[in-house]
Each structure stands twice: as structure tokens, then as C-alpha cells.
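Encoded as C-alpha cells, the structure appears first; notes follow it.
Every value quoted in this text rests on a predicted model; they were computed, and no experiment measured them. Below, chains carry the letters A, B, ... as their sequence lines are ordered, and counting in each starts from 1.
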Protein chains: 2
Amino acid sequence: MTDKKLKATGGNAGRNRSHNRRVVLNFVRAHEPAGRAEIARSCGLSIQAVSNITEVLEEDGLLLAVGPKTGVRGKPATQYTINPEGAFAIGVEVRPDALICAVLNLTGECIYSERQAFSNAVPDNAIPAIKETVNRAIKNSNRKRSQLLGAGIVMPGPFGVSGLSALGGANLPEWGGIDIQAVFEQTLECPVIIENDATAAAIAERVTGAATTVDTFCFVYFGTGLGLGVIADGHAQRGAFGNFGEIGHIITQTGGIQCACGNRGCLETYASRMSVKTYLEQSGIDLPDGSALAQLLTDENPVLMEWIETAARHLSQAISILENIFDPETIILGGAMPDAVMDALIATLDLPMGSLANREDRTLARVLRGTSGRFTAAIGGAAMIIHKNTTPSLALFS
Amino acid sequence: MTDKKLKATGGNAGRNRSHNRRVVLNFVRAHEPAGRAEIARSCGLSIQAVSNITEVLEEDGLLLAVGPKTGVRGKPATQYTINPEGAFAIGVEVRPDALICAVLNLTGECIYSERQAFSNAVPDNAIPAIKETVNRAIKNSNRKRSQLLGAGIVMPGPFGVSGLSALGGANLPEWGGIDIQAVFEQTLECPVIIENDATAAAIAERVTGAATTVDTFCFVYFGTGLGLGVIADGHAQRGAFGNFGEIGHIITQTGGIQCACGNRGCLETYASRMSVKTYLEQSGIDLPDGSALAQLLTDENPVLMEWIETAARHLSQAISILENIFDPETIILGGAMPDAVMDALIATLDLPMGSLANREDRTLARVLRGTSGRFTAAIGGAAMIIHKNTTPSLALFS
DNA sequence: GTTATTTACTCAAGTAACTTGATTTAAGTA
DNA sequence: TACTTAAATCAAGTTACTTGAGTAAATAAC
């Protein structure tokens, strides 16, 4: 979402230093506990360099030295893990009707969350409310502001598109034309990342979910609509204008259900939170919240079962497209849908066997369930900050 | 295709140096002619550093000092351009029936190309033939081997998939289980990159085609089948197993034409070189080569016009999916299809207006025609080598 | 139980590449 | 002609990594 064009930047000693710190943190994150010699071998650095780096990271409270590794020959290695208490990040999801906030510690555990109804999310209302929320979250989670790595603000996309408001009801059109990141960095007095819900949720999965060691995967996010986040080689894909992953409006049925975007047969008219609500309402079933939906599943409600079948058929098409295009290690489904319903959906999928994804050496299932629940996007916002601080922006030097 | 897992690597002075050389080359490539102060500002380096780097690059023959910039106040800047004669790269496309070779100079100009029929492209036959071809290409293009940056070998994917041969007739199943890159590096005695045709063609577009200054775009490649290459932020997407972009087998018509992959209604049964050939044959029209196809278009042959209409309808679906998923600056169509036919296809596309891609601030057309012709993939192979040597592998430091 | 081997780690010196600040050069402008 | 602006150079300084010698602490072998 950051509109600033990323430019290739030259390196110098200082930037190299911070890059190497992230390389080390990223390695420890995925391989903890890890000894210094091991880190050095894997990261292509000298032991001495790693020694200096870990010393600083330990002083900064980001790494924790744990008991030495025994059972192997040679001097026992001092092993390091990420220090959960070393730092924290805040995520805020801004929705037209609510403000959701989550606080994660450095290992990605959610240590605080809250949801408040919010009637009119225009900038003038929302910005001060978010500032308050963030301050309350810091206080309620018993953290020091000095340890705050930053805030991730999650907003429904797409941004900067002509006729934007035609593209789905979940948008916040009043936020157009504002440098949102700059405004929040000034207001919140900390680094800020702005992102859409699906990408944020994907990053959450990478930081603390089913994909901590998966470098390349797709995340299909059930929000009001349907979004896609992709992590490729550990890096989130953003597209040229920050609107990567608008998967909800790919057409899976020519001449199908009328979508708010103007086209017919869009995927999200069949598979999304909004879709299941509408489908049930048409049979006179009201759906106040997630637990009601889970109950309908327990009851094997025939209308819901019908919806699952239809949704799974359309989702299968989309997932097959994703497998063919992205060649991912796995595809993860998550978001604002009860776990049981998500599991039922996944079980009902019908994926073609004659596919790229049907590899012999596959170690992960083709489709997994990820983090679900209504805090997913806010958690993702915080996860983006953790991710940024533990992920080198270069893939390799080669 | 390179199976070696890319790993985040720490930086040191030496790696920083080579990174910075690529940063500078990449900047000059896209902004030539460029002065040193200008480079320094854009790349986040000191003028002194850039001065040292350009000095070395000029000695190595990669940069060329051109006349000073006048008309502005201050001391005139010594400007640099890429030196076309400073180095060269070779690309080889391996097909079941032919070996195609192209040589590019450093600015991406094709300075030599050849095509030879080849009946049985199994490794034991093809490897020595490719070695010969490469040597001949160096000789015939009057280059010194010491200036060879490397060779890009282009092969039709997908690789390493169960039941691979079921996925289309263009594959080379005998190459499974071989470390192709290592074999070629040993045989050809130079750096080697292995890639599929679509990605190679996309990189060609970035190095020397319609996308030299476009950082994020999709390239739809018409080969025997249909492939997709994506450049995101200047980096080619490869997927977890090197099989990114198998767009030919996404299904655009449920219950449609039977595809060799076992499914029905795959995109490439409607839009590909093979598809047009089959379609015309069914009406008794034989298609020996590309110029015959171009002639049919000139004649406004009704069968071909029908095919174009159908193909464009299916392509429109796919392009709409790509726009929604990747949010690219533009989508480029290229490959083994006559320019005129490609232009007719593009003119016939029917893209939804209510789309992410329909931005007000759009500067590039939503769909462009790229490099076409039967040497496209081989040129792409060589372009990959140029690209690698002029593209920093890190996007940015912060 | 002693010695050998293996591996991790530390210390101190060395090095490569970038940065900084003062200075020079060469154009446009008043 | 003198002033302003901007690029480029020179020389010294800085930073973070590497190198090589040496130490420490475990397992393995005799």
C-alpha cells in the first residue's frame, strides 16, 4: 500500500549491519534454538561477525541466550532464541463499522486484543480514535512504548481506483488522496505500515501461524469479501499500486450472481462471509455472528451445507488457478470464518489431480486452514511490523 | 528451475561491492545517460563511492563515458551509458524438435541468432549439440569468450511434477532427475541459468523490450502452449518449485475442449499456437509456418477470424484474472505468434471496465504487444543473464 | 583415566568499501 | 569580470566484516 516506489539502494557499512541483523533474526526465528557457528554457516558470515551481531541483539533484548547444546562432540554451543518480551508491535484493523486492535510480542503471540464498534470511519473520526486505541493497548498490555516496533494499519482495499466505490461495499472512500502512512507515523509517533487485510493475514501466518518455515505460499482471506495474500520467497507481494490480490472479483461463473462491482459471477458472491449471510437470509435464516454459523454447521443445516457445496466448487476453481499460477508450497485458507466451517469447506474442495501441485515430493497438504477469527487482520497488522524487523529485504547476494 | 533454495545471506564488504555495481548498472540501464552525482542521489550512495564504482565499471568495459551534460548550471556532468560491446550473453531454447540460439550484447541487442532442427532432444544428444551451438555462436558473432557473461537455457516446463508427461506434449521428460544447471555450467564453462520460456520472455521484455522501465508487469507467452512470466518489483517470480506461471491450464470453460492434461476447457486449448493450428486444420486449412498465418489474417480468413474471436474471449478472462491478482502496471502479450495476429487478438479483447486496472492515473495501456517471433524464448535466455548482471538481488535496504 | 579429537568461541590485528570535508573544476548568470 | 551553482577529486576517517592464532569444553578412543 505504501505508494512510495521502492528503489534499489546501494549498500554501505551501516545498511549492511542492519541487513545482517535481520538475516540473523530471520534465521533464528525459523530455526530456534540456534548456535552462533550454525548461524554463521547458514548466513554466509564469519563466526566472529555473528558473535558481534548476537551480542548486540542480546543487549537490545531481541535475542535470548538459552542453555548450551549437549550430546554432540565439541564445545557446547551457546544457543539463542527470539526473546518474546524484547519488543512488541500493534496492529489495527480499520473497518467501516469497527476498530479492531491486537498486540503481538516478538514471537508473534497475541498478548492483547480488543474490538470496538465504530460507526463512521472517516479520517477525522478514526485517526484520533486509533491514537487512543493504540495508547490504551500499550497500557493494557503492560508494555513500554520504547519497545514498540511500530504499528500496522489494516484497511480494506482497493485504493486509488477509478470508480472505487463500485468495487465492493467494504471500502473506505473518504481515505483517498491522503498519505495515510505519513499521517499515522506523525500521529502515532512510531513506524507505520499500511496494508490490506489479506496480505496482512498472510504475513501473520508467516510470523506466527502455519507458515513460519514456508517461504512461498498463497493465503486466501475470508473477510467481508475474499482477498489473496501471497508470500514469495519470504516477501509479501504488493503489486504496482498496492492492490495485489483482488481475487474476489475473478469470475468463476459466466452470467452468475450479480456482484456489487458490476460484473456477474464473481468468486466472492459465492465464497465469502457476506455470501454465506446472504445465502442463508434468502432462506429466512438470520446470522447474527460467527458462533451462530458454527452452530448451523453442527446442526448440519441443509441450507448451509448447500452453500458450502457451492462455495467449495467455486473455491476449487480459484485454488486451482492459484496453484497453476504461483506454484506455491501450499495454499492457506483463513480469516473471519469459524474454524469448523473452514474445515468443512476444505474437506469439500475438489481439486484436479492432474495438476502441477500434485507433486510426489510434496510435504505440506495442498490446502491448509490458517488462523481464523475476527482478530485475524489486526493480528496481521502487528505481524507485518514483526516481519519487517526480522526479514532481510534482500533475498540473497548470490 | 534452479532447485537450490535461495537463502538470505549476510552482507560484507565484497558482496556489498558487487551489489552496488549492479545497483549502478541497473540505474544507468534505465536512465542513461546518467551522471555520477545523479546516480549517487538515486542510489543512496556518496558521489565518491559512485565515482569509484563507475571507474571500475568503465575499466571493465561495462560502462561508457559519453559527452558531458550541458545547458545547466554548474560543472558539466560526465555521463555514462551501458557499453553495448562490453559483454554479451547467449540464450538457447531447447525444444523437442529444435535448438534455437541467440546472442545479445549488453544493451540487449540481438547480434546473432540461429535455428536448427533437432529430432531427439534427450540429454545425451542435446548437451553436446548445445555446446557446439554455443561455440559456433561465439565465433559467428565475433565475440571473445572472456566477455561471455553466461548462458541462459530455456526449456519448456513444468519440471518435477508427478505424471509430468500428462501435462502437455511440449515437455522433455528425459531431463528429469538431472541437475541441469550444474551439467551445463560444467559443459559450457560459464554461468548458466535454466528457466521456462514464459519467464525468459518476460525478462527479455524487461531488458530490451517494451518494459525496460516497468518494474511490475505480467507477460503472457504464446508458445506451443500458453505461459505466464511475472516481473514484480524488477524480480522474476519463480514459484516454490520453479514452475511459476502455468497459466495455460487454468480452466476458462467448464466442460470445454479436452486438453492433453486430462481436464477440459483449459485456456491453452483456445489460445495458443497449437490451438490455432488445430482449429484451422479442422476446417481443412494447413498451417506450415507463421507467415502462412499472417497471410490468412491479411485475407481476413473467416475461420481464423472466428478463432481470434474465441481466443480473445478466453484470453480476456485470463487477463482480467491477472489484473485482479497481480495489480500490474501493464500486461504484455508476446511469443511465437505473428505481430499482426497478436495485434488482432489484442484489439478483440473485451476487458471489464469495472476493474482495478481501470485507473485514472494509468500511463501504460492495460495490454501491450511485446516481442514476438520464434527467437523470443532464446533471446529471453540471453536476457536472463544480462538481467542477472544488472539487477541487484535486494530490492532496497529499508 | 588419560589422551586425542572435535567443535565453539574469543582476541587482536587487518582489510575492503563507503563516508566526510576540504578543494578544484567548469559551466551558466549577473 | 565576478558570482553562483553543481560535479568531481583528494585525502583522511569510519565501520563492520574477515582472518588467524589461541582457548575452552565437550565426546571419543586407547
Open item on the list: Has Asn83(A) got a side-chain atom pairing as donor or acceptor with Gly61(A)'s backbone, closer than 3.5 angstrom?
Closed with: yes
Task: Length of the line joining Asn12(A):CG and dC17(D):P, which is rounded to integer Å - done: 12 Å
- [ ] Look at the side-chain N and O atoms of Ser51(A) and state whether any lies under 4.0 Å from the OP1 or OP2 oxygen of dC9(C).
- [x] no
Open item on the list: Between Asp233(B) and Arg238(A), does any side-chain N to carboxylate O distance fall below 4.0 Å?
Closed with: no
Open item on the list: On a heavy-atom basis, which atom in Arg22(B) and which in Thr391(B) lie closest, and how many Å separate them?
Closed with: CD-O, 3.2 Å
- [ ] Round to a whole Å and report the spacing from CG of Asn20(A) to P of dT15(D).
- [x] 17 Å
- [ ] Verify, without hydrogens or angle tests, whether Glu329(B) (side chain) and Ala240(A) (backbone) share a donor-acceptor contact under 3.5 angstrom.
- [x] no
Hey, what are the protein-to-nucleotides 10-12 of chain D N/O distances that come in under 3.5 Å?
from    : atom 1 : to       : atom 2 : distance (Å)
dC10(D) : N4     : Gln48(B) : OE1    : 2.7

Open item on the list: OP1 or OP2 of dA7(D) versus the side-chain N and O atoms of Thr78(B): is any pair under 4.0 Å?
Closed with: no
Task: Any donor-acceptor N/O pair, Gln181(B) side chain to Val192(B) backbone, under 3.5 Å - done: yes
TODO: Give the rounded distance in Å between these two atoms: CG of Leu45(B) and P of dT20(C).
DONE: 11 Å
Task: Check ion pair Arg36(B)-Glu55(B) (N to O, under 4.0 angstrom) - done: no
Open item on the list: Between Arg143(B) (side chain only) and Phe88(B) (backbone N and O only), is there a donor and an acceptor less than 3.5 Å apart?
Closed with: no
Open item on the list: On the nucleotide dA16(D), are OP1 or OP2 found under 4.0 Å from the side-chain N or O atoms that Arg21(A) carries?
Closed with: no
- [ ] For Gln79(A) and dC9(C), give me the distance from atom CD to atom C1', rounded to whole Å.
- [x] 14 Å
Open item on the list: Here's a test of your reading of the structure: between Ala13(B) and Pro68(B), which maps to the more 5' nucleotide of DNA chain C?
Closed with: Ala13(B)
Identify each donor-acceptor pair in which a side-chain atom of residues 202-211 of chain B lies under 3.5 Å from a protein atom, sequence neighbours left out, and give them as a table.
from      : atom 1 : to        : atom 2 : distance (Å)
Glu205(B) : OE1    : Thr371(B) : N      : 3.0
Glu205(B) : OE1    : Thr371(B) : OG1    : 3.2
Glu205(B) : OE2    : Ala210(B) : N      : 2.9
Glu205(B) : OE2    : Thr371(B) : N      : 3.4
Glu205(B) : OE2    : Thr371(B) : OG1    : 3.3
Arg206(B) : NH1    : Val214(B) : O      : 2.9
Arg206(B) : NH1    : Asp215(B) : OD1    : 2.8
Arg206(B) : NH2    : Asp215(B) : OD1    : 3.3
Thr208(B) : OG1    : Gly108(B) : O      : 3.3

Open item on the list: Without decimals, in angstroms, what is the distance between Glu55(B) CD and dA17(C) C1'?
Closed with: 14 Å
- [ ] Have a look at Ser46(A) and say if it touches a base, only the backbone sugar-phosphate, or nothing, with a 4.0 Å heavy-atom cut-off.
- [x] base
Task: Distance, rounded to the nearest Å, where Tyr80(A) contributes OH and dA8(C) contributes P - done: 14 Å
- [ ] Please determine, for the side chain of Arg17(A), which listed nucleotide (dA16(D), dC9(C), dA7(D)) has the closest atom?
- [x] dA16(D)
Open item on the list: Below the 4.0 Å mark, does dA16(C) have OP1 or OP2 next to a side-chain nitrogen or oxygen of Arg15(B)?
Closed with: no
Open item on the list: Heavy-atom nearest nucleotide on DNA chain D for Ala49(A) versus Val72(A): which residue maps closer to 5'?
Closed with: Ala49(A)
Task: Main-chain N/O of Thr9(A) paired with His19(B) side-chain donor or acceptor, under 3.5 Å - done: yes
Open item on the list: On the side chain of Arg73(B), is there an atom forming a donor-acceptor pair with the base of dT29(C) - under 3.5 Å, no angle test?
Closed with: no
Every protein N/O lying under 3.5 Å from an N/O of nucleotides 23-25 of chain D:
from    : atom 1 : to       : atom 2 : distance (Å)
dA25(D) : N3     : Lys75(A) : N      : 3.4

Open item on the list: Does a side-chain N or O of Asn16(A) approach OP1 or OP2 of dA16(D) to a distance below 4.0 Å, or not?
Closed with: no
Task: Atom pair distance, as rounded to whole Å: CD1 in Ile47(B) and C1' in dT5(D) - done: 13 Å
TODO: For residues Phe27(B) and Tyr80(B), establish whether the separation of their ring centroids is below 6.0 Å.
DONE: no
